[in-house]
Structure formats: C-alpha cells, structure tokens
Amino acid sequence: MYAKILIIEDEKDLIKGLKLNLTDEGYEVEYALSGLSGLEKALKYKPDLILLDIMLPEMDGLDVCRKLRQKKFASPIIMLTAKGDEIDKVVGLEIGADDYITKPFSLRELLARIKAHLRRTQRKKDVISDVYSFGDVKIDFIRFKISCKERSYSLTSMEMDILKYLISHSGEVVTRENLLDKIWGFKSSPTTRTIDNHILKLRKKIEEDPAYPRYILSVYGEGYRFMG
Ligand code: CA
C-alpha cells in the first residue's frame, strides 16, 4: 500500500507542485488550506506523514502540531518553515515535530527526507514481531531471550514489554508516566522506582557497562531514551 501524505499549506501553487510530484512518486496525497481544516483532516484521514506549513490561517502550524500530538497522532510531521520564521529545533522538538525544511527547498531534498521518515516509522512497525538487534545485542521476542556477545539472558515478560515500548519509540523521550500507563495500565499503581529497577535490570543485560549506558539513556527529570 502506498503511503498517504497530507499537505497543510495555504500557498496554492506550492500545493499544486507538491501534489503533482508526490503523486508521481507513488504517494497518495491530500491537502488542507488552513490550520483548522488540516487538523481535522489529519485526524480523519490518518496520513503516514504530514507536511505542515507554519504561517496558516485559522490556526498556525505550531498549534496544529501540538494539538495532533496531544491527540496521540504518531506519524512524522515535517514543518515547512519560511526563512524568517522564529523556530528552532528546540521549539520544534517540544511541540513534537520530527523535522524541518526551509522554504524555498529543493524537491529532491524534500523527497529524501520524506522517504527517510517513512522508512523509520516502517521500521518501528516491523520491530515488534520476533527478533530485533542493535549493536551486539540481539533480542528474541519469541523465546524471551536476549544475547549480547557471548552472554545470554532470559527476559521477564515485564522486561520484554518495556523493551518493546522503548524500541518502538526509539530516539524519543519516554517518560516514567508513559511506561506506567502503557505497561502497567491503570489497574495497579507501581511507583516510578519500580520502573527504574526494571530499567537497571535491563541495562545489566544489554549494556557493556551498565553504569555508562549506550542504549537505554536516562533523561534527567523525564525518563528514558532508547538509542538502538
Ligand atoms: Ca503559509
């Protein structure tokens, strides 16, 4: 199936050009001319990727992005920024954008970024099946095993669930609250210390030197970030 791309942009000529080229590349393309209609369309149409302009009528692109993430919209969002736009990486990351491209951009550059982001999300979807490896570590989700160089350990189902969640959010900050919510659910109420203990155990199985982790990093005051 072809990936669906939603363009939220108020410059009609730009939309026309993008739609033509993206359709040529085999993508299914939808567009919206204002922030508000873009937000509605994104939630209804569930695109695999969004190209989002910042200066938009009704609701600006930053708000659209923020609202989409609040509503757990997970596909990559590439912001289309004009040269003078007061936006930097930090602002973008805070509101949940994945990437930026400054206008005027080259079509080739844009297509390359789109492909890279779609590949990344596809990889995340593939991960959770049976085997996943990174560095010297190999996780066998079917046999509940993890091996790192010559060492091999079994995983508890809790550790597996945590690993799966971290892997499927690779590169992102995962808060302790996210983990409590996703892994334990609302029924039980473990403390955040429980999570930290599980992470410590996982690190002993994964990391060469658990005191200086390479894969499950701590993000001060937030939680963890998986890099693998
Ligand atoms: Ca605009």
Side-chain angles (χ1 to χ4, degrees), residues 1-125 168-175 177-178 219 222-223 225 227:
M1 217 187 70
Y2 295 124
K4 298 190 283 188
I5 297 180
L6 173 65
I7 310 168
I8 308 176
E9 166 66 70
D10 58 339
E11 284 170 55
K12 288 190 179 141
D13 287 343
L14 184 55
I15 290 183
K16 220 167 128 188
L18 283 176
K19 191 166 191 272
L20 198 71
N21 283 293
L22 291 173
T23 311
D24 256 6
E25 291 289 314
Y27 297 115
E28 214 178 88
V29 181
E30 277 284 325
Y31 67 89
L33 293 164
S34 77
L36 201 58
S37 64
L39 178 65
E40 284 164 4
K41 222 164 203 169
L43 295 172
K44 199 171 125 197
Y45 178 65
K46 298 191 173 51
D48 300 294
L49 183 141
I50 294 183
L51 298 176
L52 178 59
D53 185 27
I54 292 191
M55 297 295 285
L56 286 165
E58 288 172 0
M59 181 188 290
D60 72 32
L62 299 177
D63 274 342
V64 173
C65 186
R66 223 175 264 130
K67 289 221 158 63
L68 281 171
R69 293 310 189 210
Q70 277 166 10
K71 291 187 184 294
K72 309 284 179 225
F73 178 87
S75 299
I77 297 177
I78 303 179
M79 309 288 304
L80 305 175
T81 70
K83 267 226 168 77
D85 282 345
E86 295 276 325
I87 174 160
D88 55 36
K89 283 239 165 200
V90 181
V91 174
L93 284 178
E94 276 170 7
I95 62 164
D98 294 273
D99 205 354
Y100 306 81
I101 191 154
T102 311
K103 295 182 200 171
F105 46 79
S106 85
L107 185 68
R108 220 169 67 182
E109 168 79 11
L110 180 68
L111 287 175
R113 303 256 192 115
I114 289 175
K115 277 201 187 109
H117 284 287
L118 288 175
R119 254 200 317 269
R120 184 173 59 83
T121 44
Q122 189 52 49
R123 240 191 354 248
K124 282 189 187 175
K125 285 180 195 158
S168 63
H169 292 82
S170 178
E172 298 167 21
V173 175
V174 170
T175 64
E177 286 70 32
N178 289 152
V219 180
E222 297 278 342
R225 186 199 299 272
M227 302 298 279

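Start at 1 and go down the list; that is how both ligands and their atoms are numbered. Computed over heavy atoms, backbone and side chain alike; hydrogens, waters and symmetry mates excluded.
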Going through the distances and angles, do L62 and I54 end up as a side-chain contact (heavy atoms from CB on, under 4.5 Å)? CA-CA 6 Å; L62 299 177; I54 292 191; 4.3 Å; yes

Working to the nearest 0.5 Å, report the span between CG of D60 and CG of L36.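 It comes to 12.0 Å.
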
With sequence neighbours left out, what residues match D63 under side chain to side chain donor-acceptor pair (under 3.5 Å)? R66

Taking side chain to side chain donor-acceptor pair (under 3.5 Å) as the definition, give me every residue that meets it alongside R225, ordered by chain and number, with sequence neighbours left out. none

With sequence neighbours left out, write down each residue that passes side-chain contact (heavy atoms from CB on, under 4.5 Å) with L20, or none if nothing qualifies.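 Testing L20 for side-chain contact (heavy atoms from CB on, under 4.5 Å), a comparison that skips the adjacent residues, returns none.
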
Ignoring waters, how many protein N/O/S atoms are under 3.0 Å from the Ca ion (ligand 1)? 3

Any sub-3.5 Å donor-acceptor pair from R113's side-chain atoms to Y100's backbone N or O?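 Such a contact is found between R113 side chain and Y100 backbone.
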
